[in-house]
Amino acid sequence: MTDNYSNIANKLPKNIKLVAVSKTKPNEHIINIYNKGHRDFGENKVQELVSKFESLPKDIRWHMIGHLQTNKVKYIAPFVSLIHSVETIKLLKEINKRAKQNDRIIDCLLEVHIAEEDSKFGLKLQDVADFVLLPEQNNLENVRIRGLMGMATNTSDENQISAEFQKLKKKFEEVKKMNFRDQKHFTEISMGMSNDFEIAISQGATIIRVGSLIFGKR
Ligand SMILES: *Cc1c(COP(=O)(O)O)cnc(C)c1O
């Protein structure tokens, strides 16, 4: 049997984290990868994330990578490891509130819109710096902004993908130099999926999110 997971995981530079994106895939498929020693899994829907959390081993680190509605934060706040998709201060405040209720600090990434395609989601590149400097941030003691997340345009043009990832990396470096509350913890760039993770790595990704290449087509 070909083992795409091991092919990817074994070649990965040590400083890069692989999030295995298991959305729509059954628990048995997750356990297969878990049994190879993998612990980071990503989902994009709250209900599916919660049900998988409940039925799978408790040492899995669950990543929320999809659009997150404010009214659903409470369901994942007790256990989520990293939320990749923060794009409004309203959402961040709600995550903070629910984190506090659970006596935790929840790590978050700011989702940034870098693709050419229209998308409803993600901060504009030019708004990221202002976002981390919002005065409200100082009251949000139960969340930590750990870095940025982005998705490149779905295209075969590798130069374009590369340029989009470069924009995210550049913004990351710019923000990292700024004096803001979470500066010390601002270390992560989540970019790269099945089709473009190698480009993402060459452009400075610290986290890649790979689904179909590991689990097969959805
Ligand atoms: C589905 C998804 C992925 C993984 O996509 P693949 O092409 O299957 O690797 C990565 N990131 C996000 C935000 C996703 O929704």
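What's counted below: heavy atoms across the whole structure, side chains too, no hydrogens, waters or symmetry copies. Each ligand, and each atom within it, is numbered from 1 in the order the structure gives.
At least one heavy atom of Ile65 sits closer than 4.0 Å to an atom of ligand 1. Taking 4.0 Å as the cut-off, Val210 counts as a neighbour of ligand 1 on heavy-atom distance. Remark: distances from the non-hydrogen atoms of Arg218 to ligand 1 include one below 4.0 Å.
Checked against the 6.0 Å centroid criterion, the rings of Phe41 and Tyr34 do not qualify as a close aromatic pair. Between Tyr5 and Phe215, the gap from one ring centroid to the other reaches at least 6.0 Å.
Scanning all protein heavy atoms for the shortest distance to atom 2 (C) of ligand 1 gives Lys23 NZ, 2.6 Å. The protein non-hydrogen atom at the shortest distance from atom 6 (P) of ligand 1 is Ser194 OG, 3.4 Å. Protein heavy atom nearest atom 10 (C) of ligand 1, with residue, atom name and distance: Met193 SD, 3.2 Å. Nearest protein heavy-atom contact of atom 11 (N) of ligand 1 is Arg209 NE, 2.9 Å.
When the heavy-atom distances from atom 7 (O) of ligand 1 to Ser212, Ser85, Gly216 are ranked, the shortest goes to Ser212.
Defined by atom type and a distance below 3.5 Å, a donor-acceptor pair is present between the side-chain atoms of His84 and Ser190.
Salt bridge annotation for Lys176-Glu173: absent, with no cationic side-chain nitrogen under 4.0 angstrom from a carboxylate oxygen. Here Lys52 pairs with Glu48 in a salt bridge; the nearest charged N to carboxylate O distance falls below 4.0 Å.
Side-chain atoms of Leu82 and Trp62, non-hydrogen and from C-beta on, never get closer than 4.5 Å to each other. Between Arg209 and His63, every side-chain heavy-atom pair lies at or beyond the 4.5 Å cut-off.
Considering backbone and side-chain N/O atoms, Asn44 never comes within less than 3.5 Å of an N/O atom of ligand 1.
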